[in-house]
Amino acid sequence: MRFSKMFIPTLREAPADAEAISHILMLRAGYVRQLASGLYIFLPLGWRVLDKIDAILKEEMEAIEAQEISMPILHPAEIWQQTGRWDIIGGEMFRLKDRNERDFCLGMTHEEIMTWLASREIRSYRDLPQVWFQIQTKLRDEARPKSGVLRTREFIMKDSYSFDADEEGLDRNYQLHADAYHRIFNRCGLRFMQVESDPGMMGGGYSHEFMAPSPAGEDQVALCPGCGYSANVELALSIPHKTEDREWQTEEVHTPEKRTIHEVTTFLKLSPEFFIKSVLVISDNGPVLALVRGDQEVHEKKLAKVIGQHRPAQKVEVKEILGVEAGFIGPMGHQNLRIVGDTCLQEGTYVSGANKQHYHVKGIKAERDFTAEWHDIHIAKQGEACTKCGAGLNVERVIEIGNIFKLGTKYSEALKAVFLDEHGNEKPIIMGSYGIGPARIAAAAIEQNNDKDGIIWPRSIAPFNVELIPLNMNDKATVETAEKLYHELKKNYIEVLMDDRDERAGVKFKDADLIGIPVQIIIGEKNLREGLVEIKDRKTKEAVRVKVEEVIEKTRALMTS
RNA sequence: CGGGGCGUAGCGCAGUCCGGUAGCGCACACGGUUCGGGACCGUGGGGUCGAAGGUUCAAAUCCUUUCGCCCCGACCA
């Protein structure tokens, strides 16, 4: 392509409402434009990148014998009603009616529709397994779109679905996808990791997420440098460092108006790890008291795994249920109250609220003074010990770039997607679903590969292989050489963008660095007089001067290095 | 949904407190000089100040309502 003909609206200044590096650079380098909150236009360069990623996705999906299909994004409500998700999912689903007042929604994902198809077409175990995938638009009315293309309301997703006759088949397809995902993200040049994750509203029991480390990420994962344990902090297990065990006598302490952990620790001159934080929540089955150590926080999702959906209690509810004001609650002496305590509280001696206005109690021990159901319900923090090997965990911020779920029979049962096994028994198909967000791969690649001048694309997903930069378009020899190289590169299947604009050298260099094509071939008058051009690596900024005749060969070498 | 911020030329911003001619830089167009890291000089075009209503002789500026966008949190197949 010729730069002069291609729509590449680069920006000298970053638009004020962009924050994430990938967002700023995608806008500045002319890859995307925003239409509205959470809606992005992919410009020619941006679309080329997505094309590159899609090509890799298709290759690797086909390598595990997944078959590409394409499904509508407009879905009749009935199918979503049959699985219950029409009602479970709230404002996140775009809903609409057709001219006959029939309910529809825009697809947030395609479990329902894929399963519907399977239910109609699959009869026998002989039809299984099947793996179907598509690269298709999804729509979700996100509560808060953010960070450019990282969280949008309309986005493209590679989603695949496996259909198996038995658990072994599901395990195999799950593993095939995990392996394919590793190849995909490696090929896309990303640093990433696979972590255990919470299946959330997908249902089913088992899932992993693929995470690309980046400060722009929304998720956090805990990683063990010792044994390789890795999990989303939503479920990562960790052992907080032990507290020094103080042999306090049990005694009430007057703590007037000291309600928060901070206030009480300051007042008693004790660090927070000597306290028990008692939090009252209201679950579907009534109030539950959750206990964590004073230096810890309750993780809502971990708690939800134990007690189901819940919400924090209001101040008045605390007083009604416990008979004492929030701030002075403790775990002792409650009847008919479910108490869930973080495992680390089983050891040690603590201070907690005395269930008495303006008093705390010092010298409390688990099992002697109170009891609870013990679960890991605290948020894993940097430096806490791995439950498997004891090494200190690292907590890192990450972008979720893919996920894999074992769905089991949740959708097949609801939609009656059944088959007859070899004994003639009717059984629900066992399913898995597997997603990857191409735009997130692109954003993560930028987040992980940029410098002060702009993007540095991994070679595999760059919009072009090389950018050809004739510096002076008014110099006849320069232009002739540029044209010659341009055609030669194309003839050799090297994708080339030639900056044939009549711009000053500085502008071309700045734009080239911003756009981030990994190899630059620079044609300047002085070098050309010696029959030389420069080949420059975008990443290292190192340039070598080579003979014009050797350009193809040297470029090849750089492209594959 | 809670909290915060912002809407003035294509982009980045000033002007708003204290009402009185709508400005600056970049970009754009034209002429000239320049030409290996976002050139310089000159000339010029471009704005219903997010929208609606109100106060006032007079509103970008004050009041009310509303819409949009960003950030933090909640939420998140």
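Throughout, a chain's letter reflects where its sequence line sits, starting with A, and its residues are numbered from 1. Quick note: numbers below take in every heavy atom, side chains included, and nothing from hydrogens, waters or symmetry partners.
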Engineer: Which atom pairs link the protein and nucleotides 69-72 of chain B when you take only N or O atoms and keep those under 3.5 Å?
Structural biologist:
from	atom 1	to	atom 2	distance (Å)
C69(B)	OP1	Ser37(A)	N	2.8
C69(B)	O2'	Asp17(A)	OD2	3.0
C70(B)	OP1	Gln34(A)	NE2	2.8
C70(B)	OP2	Ser37(A)	OG	2.8
C71(B)	OP1	Ser147(A)	N	3.4
C72(B)	OP2	Arg144(A)	NH1	3.1
C72(B)	OP2	Arg144(A)	NH2	2.8

Engineer: Tell me the interatomic distance from Asn232(A), atom CG, to C76(B), atom C1', rounded to whole angstroms.
Structural biologist: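 Whole-Å distance recorded here is 12 Å.
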Engineer: Could you list all N or O pairs between the protein and nucleotides 42-45 of chain B that sit under 3.5 Å apart?
Structural biologist:
none

Engineer: In chain order, what residues pass the ring pair (Phe, Tyr, Trp, His ring centres under 6.0 Å) check against Phe464(A), with sequence neighbours excluded?
Structural biologist: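 Partners of Phe464(A) under the ring pair (Phe, Tyr, Trp, His ring centres under 6.0 Å) test: none.
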Engineer: Among residues two or more places apart or on two chains, list those pairs meeting salt bridge (charged side-chain N to carboxylate O under 4.0 Å, His left out) that have a residue in residues 4-20 of chain A.
Structural biologist: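 Salt bridge (charged side-chain N to carboxylate O under 4.0 Å, His left out) check on residues 4-20 of chain A returns no pairs.
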Engineer: So what does Asn403(A) hit on the nucleic acid, given a heavy-atom distance under 4.0 Å: a base, only sugar-phosphate, or nothing?
Structural biologist: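 The residue Asn403(A) makes base contact.
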Engineer: Spell out protein contact along nucleotides 24-37 of chain B as letters: B when the base is contacted, S when just the sugar-phosphate is, - when no protein heavy atom is under 4.0 Å; keep the 5' to 3' order.
Structural biologist: -BSS------BSBB
Engineer: Mind checking salt bridge (charged side-chain N to carboxylate O under 4.0 Å, His left out) for Arg501(A) and listing every partner two or more places apart, or none if nothing turns up?
Structural biologist: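 In terms of salt bridge (charged side-chain N to carboxylate O under 4.0 Å, His left out), with neighbours along the sequence ignored, Arg501(A) is linked to Asp499(A), Asp511(A).
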Engineer: Could you check how far CG of Asp219(A) sits from P of C75(B), rounded to whole Å?
Structural biologist: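 To the nearest whole Å, that distance equals 13 Å.
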Engineer: Tell me every residue that passes side chain to side chain contact (heavy atoms under 4.5 Å, CB included) with Glu154(A), counting only those two or more places apart in sequence or in another chain.
Structural biologist: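 Glu154(A): side chain to side chain contact (heavy atoms under 4.5 Å, CB included) contacts with Leu39(A), Thr137(A), Leu139(A).
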Engineer: For Met157(A), report the nucleic acid contact type (base, sugar-phosphate, nothing); a contact means any heavy atom under 4.0 Å.
Structural biologist: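 Result for Met157(A) = base.
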Engineer: Lys277(A): which residues meet the salt bridge (charged side-chain N to carboxylate O under 4.0 Å, His left out) condition with it, sequence neighbours left out?
Structural biologist: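 Lys277(A) satisfies salt bridge (charged side-chain N to carboxylate O under 4.0 Å, His left out) with Glu297(A) only.
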Engineer: Suppose we screen for salt bridge (charged side-chain N to carboxylate O under 4.0 Å, His left out). Which residues come up paired with Asp295(A), at least two apart in sequence or across chains?
Structural biologist: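 Per chain and number, Asp295(A) pairs via salt bridge (charged side-chain N to carboxylate O under 4.0 Å, His left out) with Arg293(A).
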Engineer: By side chain to side chain contact (heavy atoms under 4.5 Å, CB included), which residues pair with Ile430(A), not counting sequence neighbours?
Structural biologist: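 If we apply the side chain to side chain contact (heavy atoms under 4.5 Å, CB included) test to Ile430(A), skipping adjacent residues, the hits are Glu167(A), Leu170(A), Thr409(A).
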Engineer: Please list every donor-acceptor pair under 3.5 Å in which a side-chain atom of residues 543-550 of chain A meets a protein atom from a residue at least two apart or in another chain.
Structural biologist:
from	atom 1	to	atom 2	distance (Å)
Arg545(A)	NH1	Asn527(A)	OD1	2.7

Engineer: For Lys554(A), give me all partners under salt bridge (charged side-chain N to carboxylate O under 4.0 Å, His left out), at least two apart in sequence or on another chain.
Structural biologist: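 Result, salt bridge (charged side-chain N to carboxylate O under 4.0 Å, His left out) vs Lys554(A): none returned.
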